[in-house]
**Student:** 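Structure in structure tokens, see below.
Bear in mind the structure is a predicted one, so any value in this text is a computation, not a measurement.
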There are 2 protein chains.
Amino acid sequence: MSDNDVFLADCPARTTLRLIADAWSVVVVYGLGQGPLRYSELAGRIGGISNKVLTQTLRRLERGGLVERRPLATAPPGAEYRLTPLGRSLLDPVSVLARWAEDHADELGGDD
Amino acid sequence: MSDNDVFLADCPARTTLRLIADAWSVVVVYGLGQGPLRYSELAGRIGGISNKVLTQTLRRLERGGLVERRPLATAPPGAEYRLTPLGRSLLDPVSVLARWAEDHADELGGDD
DNA sequence: CAGTATCCTATCGGATACTG
DNA sequence: CAGTATCCGATAGGATACTG
């Protein structure tokens with residue numbers, strides 16, 4: 001009864017988990033895993049995400065300190081997103097999850 | 001551009017991820033990680049989850065093939081939940097995530 | 001004990017259109 | 001290009017009460 005008290009009650013770990021407990025956060029973090037990307041590059045790489053949701057997700061991750069936004073002084077103007085060190089620390093868990101997801105994608109019933 | 005095509009577009013991995021992309025699935029799976037539990041034991045261990053949501057989450061995981069429900073022929077009647085082999089395979093990613101969540105809980109801004 | 005039933009709110013997520 | 005604005009529908013999630 002000692003190594004399983006991580007997600008008990010309202011422990012901080014639960015709050016932390018909630019930051020990424022949605023359909024897109026993990027994907028976005030994973031998408032930024034190889035390095036900084038511009039908004040449109042990120043959108044293109046992810047595919048199937050709406051402007052609204054991508055922006056929303058980025059803002060949430062920004063507030064959480066996982067992602068950093070950098071305006072680019074280019075013409076036309078642009079913006080770049082990158083993982084913070086904290087964000088990069090999430091890359092490991094996310095990769096493990098990604099591997100699991102791809103390895104077992106065929107085994108589960110989505111809409112039985 | 002080759003090892004990062006896991007979460008691209010509508011790949012199966014994304015569908016898989018969606019099964020557990022909510023606030024409670026991970027917690028429930030984690031909660032069942034040490035072995036089968038009765039409904040009330042599970043609820044007690046998790047804490048702070050409503051009946052409705054716990055049931056909902058268990059049913060979703062059941063449909064996904066991650067959790068198995070076993071009615072108990074006891075008096076008073078009960079039910080037991082356990083991870084399937086597939087569910088147990090999720091335990092690894094989930095544990096990694098749990099460790100990350102507890103390790104970095106203090107570093108992120110929840111409501112800045 | 002193990003749920004189900006209701007109700008209600010908040011957030012998620014998609015589509016479309018518009019702007020600095 | 002990189003968003004914002006708006007509208008809308010679908011879930012998620014919480015509280016409370018009730019049942020086999």
Side-chain angles (χ1 to χ4, degrees), chain A residues 7 9-10 14-29 31-32 36-64 67-82 110-112, chain B residues 7 9-11 14-29 31-32 36-64 66-82 110-112:
Chain A
F7 282 136
D10 294 5
R14 209 124 107 182
T15 310
T16 305
L17 181 65
R18 274 195 143 83
L19 176 63
I20 55 161
D22 62 283
W24 292 109
S25 293
V26 165
V27 176
V28 167
V29 168
L32 289 174
L37 288 177
R38 296 166 140 252
Y39 183 92
S40 53
E41 293 171 324
L42 182 55
R45 169 174 301 215
I46 291 178
I49 189 172
S50 68
N51 280 159
K52 185 199 154 191
V53 172
L54 178 52
T55 301
Q56 231 176 222
T57 304
L58 284 167
R59 296 284 175 273
R60 191 165 359 97
L61 295 176
E62 239 187 307
R63 279 199 312 270
V67 163
E68 187 188 356
R69 178 184 185 274
R70 294 201 184 177
L72 300 175
T74 53
E80 197 178 70
Y81 292 88
R82 68 182 62 211
D111 355 60
D112 295 355
Chain B
F7 282 136
D10 295 6
C11 64
R14 209 125 106 183
T15 309
T16 305
L17 182 65
R18 273 195 143 83
L19 176 62
I20 55 161
D22 62 281
W24 293 109
S25 293
V26 165
V27 176
V28 168
V29 168
L32 289 174
L37 287 177
R38 295 165 141 253
Y39 184 92
S40 54
E41 291 171 325
L42 183 55
R45 170 174 303 216
I46 290 176
I49 190 172
S50 67
N51 281 160
K52 185 200 155 193
V53 172
L54 178 53
T55 301
Q56 231 174 223
T57 305
L58 284 167
R59 295 284 175 274
R60 190 164 1 96
L61 295 175
E62 237 186 309
R63 280 199 312 271
L66 269 48
V67 162
E68 188 189 355
R69 177 183 187 276
R70 295 201 184 177
L72 299 175
T74 53
E80 194 179 72
Y81 292 89
R82 68 182 63 211
D111 354 58
D112 295 354

**Student:** Whenever both distances are under 3.5 Å in a Watson-Crick or G-U wobble pair, mark it; put DNA chain D into dot-bracket that way, with [ ] for crossing pairs and | when the partner is on another strand.
**Tutor:** ||||||||||||||||||||
**Student:** Tell me, for nucleotides 8-20 of chain C in 5' to 3' order, what letter each nucleotide earns: B for a base near a protein heavy atom under 4.0 Å, S for only sugar-phosphate near one, - for neither?
**Tutor:** ----SBBB-----
**Student:** Can you name the nearest heavy-atom pair linking B/A79 to B/R69, along with the distance?
**Tutor:** CB-NH2, 3.8 Å
**Student:** Nearest 0.5 angstrom please: A/Y39 OH to A/T55 OG1, how far?
**Tutor:** 3.0 Å
**Student:** To the nearest 0.5 Å, how far apart are CD1 in A/I49 and CZ in B/R14?
**Tutor:** 7.5 Å
**Student:** I need the B/F7 CZ to A/I46 CD1 distance, nearest 0.5 Å.
**Tutor:** 10.5 Å
**Student:** A/R38: what forms a side-chain hydrogen bond (donor to acceptor under 3.5 Å, both in side chains) with it, not counting sequence neighbours?
**Tutor:** none
**Student:** To the nearest Å, give me how far apart CG (B/L61) and P (D/dA12) are.
**Tutor:** 11 Å
**Student:** Respond yes when some side-chain nitrogen or oxygen of A/R38 is under 4.0 Å from OP1 or OP2 of D/dG3, and no when none is.
**Tutor:** no
**Student:** Give the rounded distance in Å between these two atoms: CG of B/L58 and C1' of C/dC1.
**Tutor:** 15 Å
**Student:** Do the non-hydrogen side-chain atoms of B/L61 and B/T57 ever get within less than 4.5 Å of each other?
**Tutor:** yes
**Student:** Do any side-chain nitrogens or oxygens of B/R59 fall under 4.0 Å of OP1 or OP2 in D/dA12?
**Tutor:** no
**Student:** Can you tell me how far apart CG (B/L66) and CG (B/L58) are? Round to the nearest 0.5 Å.
**Tutor:** 11.5 Å
**Student:** Taking atom P of D/dG14 as reference, at what distance in whole Å does atom CG of B/L54 sit?
**Tutor:** 11 Å
**Student:** From D/dC1, C/dG3, D/dT4, pick the nucleotide closest to the side chain of B/Y81?
**Tutor:** C/dG3
**Student:** Would you say A/V29 and A/I20 make side-chain contact, with heavy atoms under 4.5 Å?
**Tutor:** no
**Student:** Out of curiosity, A/T16 OG1 to A/R18 CZ, how far, rounded to the nearest 0.5 Å?
**Tutor:** 11.0 Å
**Student:** Using whole Å, what does the distance between atom P of nucleotide D/dC1 and atom CZ of A/R69 come to?
**Tutor:** 15 Å
**Student:** Rounded to the Å, how far apart are B/L37 CG and C/dC1 P?
**Tutor:** 14 Å
